[in-house]
Protein chains: 2
Amino acid sequence: MSRLAAPSVLGYALLELLARAPCTGYELTQTMDYPVGHVWAARHSQIYPTLIDLEARGLVRHRVVAGRGPRDTKRYTVTAKGKRALVSWVGSPFRVPESRNEFLLRVRALWLTDRARALELVRAAYDHHRARLAMYQADEARFDDRDRHDPKQPGFTTYATLRAGIGYEQHMVAWCEWMLASLD
Amino acid sequence: MSRLAAPSVLGYALLELLARAPCTGYELTQTMDYPVGHVWAARHSQIYPTLIDLEARGLVRHRVVAGRGPRDTKRYTVTAKGKRALVSWVGSPFRVPESRNEFLLRVRALWLTDRARALELVRAAYDHHRARLAMYQADEARFDDRDRHDPKQPGFTTYATLRAGIGYEQHMVAWCEWMLASLD
DNA sequence: ATATACATGTAACAAGTTACATGATTTA
DNA sequence: TAAATCATGTAACTTGTTACATGTATAT
């Protein structure tokens with residue numbers, strides 16, 4: 001989080017949220033939990049220092065306001081400079097990063113174990129992905145036509161990532177079914 | 001990489017590879033590059049220290065042998081203790097970790113940019129995922145019937161992760177096509 | 001009475017990236 | 001003769017996790 005290199009990916013994630021609407025750090029931790037956390041996870045212990053860093057770079061600014069709860073809270077907004085940095089990031093060269101999937105790594109190691117334990121791992125994943133799929137599909141029903149069709153609306157890109165989530169969960173559910181059948 | 005906590009996920013990834021066949025650090029870096037790297041990526045600068053750590057824990061052991069190239073190389077094997085640690089890891093409780101997908105994070109931010117740049121990002125991803133899919137499908141053709149059907153063969157679990165990769169790339173290709181159509 | 005929500009931080013550590021370092025042999 | 005392959009390491013840095021730290025108000 002030095003002031004010389006570019007902001008971290010999390011920094012841009014927070015900027016993008018703040019570009020949609022000013023938020024407090026606390027509200028950001030909640031939105032980062034869901035839905036953004038399903039795309040880029042972060043804990044409050046990383047979010048608060050990142051906000052301080054973004055402010056040191058002049059990309060956001062805060063005002064102390066009365067909180068919903070018992071104490072004061074800081075409401076952050078994106079500065080003009082922050083908006084420019086964000087737009088520049090979105091258009092900057094991008095390579096799909098290498099992935100890390102601990103579940104599939106364990107699947108690779110299943111030949112070392114017995115059938116019961118293999119089934120246990122895959123069934124737990126199956127339950128998890130079916131639950132996620134149901135949750136995402138319930139979310140999808142809430143989007144209105146403008147969100148579904150106008151790419152300039154923030155709602156559209158949220159919808160687009162939700163569609164990606166649904167497709168992913170469908171794929172994982174199908175894979176688990178194939179795997180469970182193969183283990184029999 | 002302290003000697004007190006459990007080995008890292010990468011440590012188990014290397015153990016699993018060595019349980020299939022003894023390897024040198026150099027060979028491990030190549031296998032980690034592909035195919036394992038598509039499930040758990042790591043560079044040689046992380047792999048070599050991890051091997052040293054695994055050896056300090058007594059989970060692997062090495063012998064210096066003549067290398068293919070000009071210099072000597074270290075051939076690592078899993079110890080009995082290493083095999084037990086690996087089997088215990090495979091059966092240990094597992095929760096699907098939170099994900100980090102920078103591509104989808106950028107997609108979320110596309111409302112901030114113009115149609116041309118949005119198309120550019122999605123088309124690059126489209127090309128990437130179609131190329132991956134073709135590569136995986138070519139790989140799949142090479143698996144024989146024993147690998148496809150016997151869950152106790154290491155080849156089967158490799159095949160299973162490859163099937164997961166194919167399903168994932170198919171999902172991403174379909175999503176990109178939907179997205180490109182939506183941007184029109 | 002107890003737990004949850006509100007609200008924001010720091011510290012110690014683990015994991016991962018990039019760059020530096022070396023140098024022979026084989027292939028184009 | 002230039003580049004790629006073989007072969008193994010270290011150092012500085014960034015990123016992310018877990019635990020520590022504090023304290024009020026509201027709901028159960």
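Numbered from 1 within each chain, the chains take letters A, B, ... in sequence-line order. All values below were derived from every heavy atom in this structure, side-chain atoms included, with hydrogens, water molecules and symmetry-related copies excluded.
- Taking atom NE2 on H44(B) and atom P on dA19(C), their separation rounds to 13 Å, with Å as the unit.
- In this structure, D53(A) places its CG atom 17 Å from C1' of dT8(C), rounding to the nearest Å.
- Rounded to an integer number of Å, the gap from CD1 of I52(B) to C1' of dT10(D) is 10 Å.
- If you find the closest nucleotide of DNA chain D to R75(B) and to A42(A), the one lying nearer the 5' end belongs to R75(B).
- In this structure, R43(A) places its CZ atom 11 Å from P of dA19(D), rounding to the nearest Å.
- Contact check on R108(B) versus E16(A) returns a salt bridge, with a Lys/Arg side-chain nitrogen under 4.0 Å from an Asp/Glu carboxylate oxygen.
- For dT17(C), one of the phosphate oxygens OP1 or OP2 lies less than 4.0 angstrom from a side-chain nitrogen or oxygen of R100(A).
- Between the CD atom of Q46(B) and the P atom of dT14(D) there is a distance of 17 Å, rounded to whole Å.
- Here R68(A) does not reach the OP1 or OP2 of dA25(D): none of its side-chain N or O atoms lies under 4.0 Å away.
- Q30(B) comes within 4.0 angstrom of the backbone, heavy atoms only, and of no base.
- For the pair R106(A) (side chain) and W89(B) (backbone), a donor-acceptor distance under 3.5 Å is present.
- Taking a cutoff of 4.0 Å between a charged side-chain nitrogen and a carboxylate oxygen, R95(B) and E102(A) do not qualify as a salt bridge.
- Contact check, R71(A) against dA5(C): no side-chain N or O comes under 4.0 Å of OP1 or OP2.
- Surrounding CZ of R148(A) are more than 12 heavy atoms belonging to other residues, nucleotides or ligands, all under 6.0 Å away.
- Phosphate contact (OP1/OP2 of dC6(D), side-chain N/O of Y26(B), threshold under 4.0 Å): present.
- Remark: R163(A) is not positioned above the aromatic ring of W175(B), lacking an NZ or CZ atom under 6.0 angstrom from the ring centre and at most 45 degrees off the axis.
- Taking atom CD on E102(B) and atom P on dG16(C), their separation rounds to 17 Å, with Å as the unit.
- One can place CG of L51(B) at 12 Å from C1' of dG9(D), the figure rounded to the nearest angstrom.
- Atoms CG (D72(B)) and C1' (dA24(C)) sit 12 Å apart, rounded to a whole Å.
- Taking side-chain N and O atoms only, Y48(B) has a distance below 4.0 Å to OP1 or OP2 of dT8(D).
- The shortest distance between the side-chain N/O atoms of T73(B) and the OP1/OP2 oxygens of dT8(D) is below 4.0 Å.
- Nearest-nucleotide positions on DNA chain D for E27(B) and A41(A) put E27(B) closer to the 5' end.
- Among the heavy atoms of the strands lying under 4.0 Å from S45(A) is at least one base atom, whether or not backbone atoms are also near.
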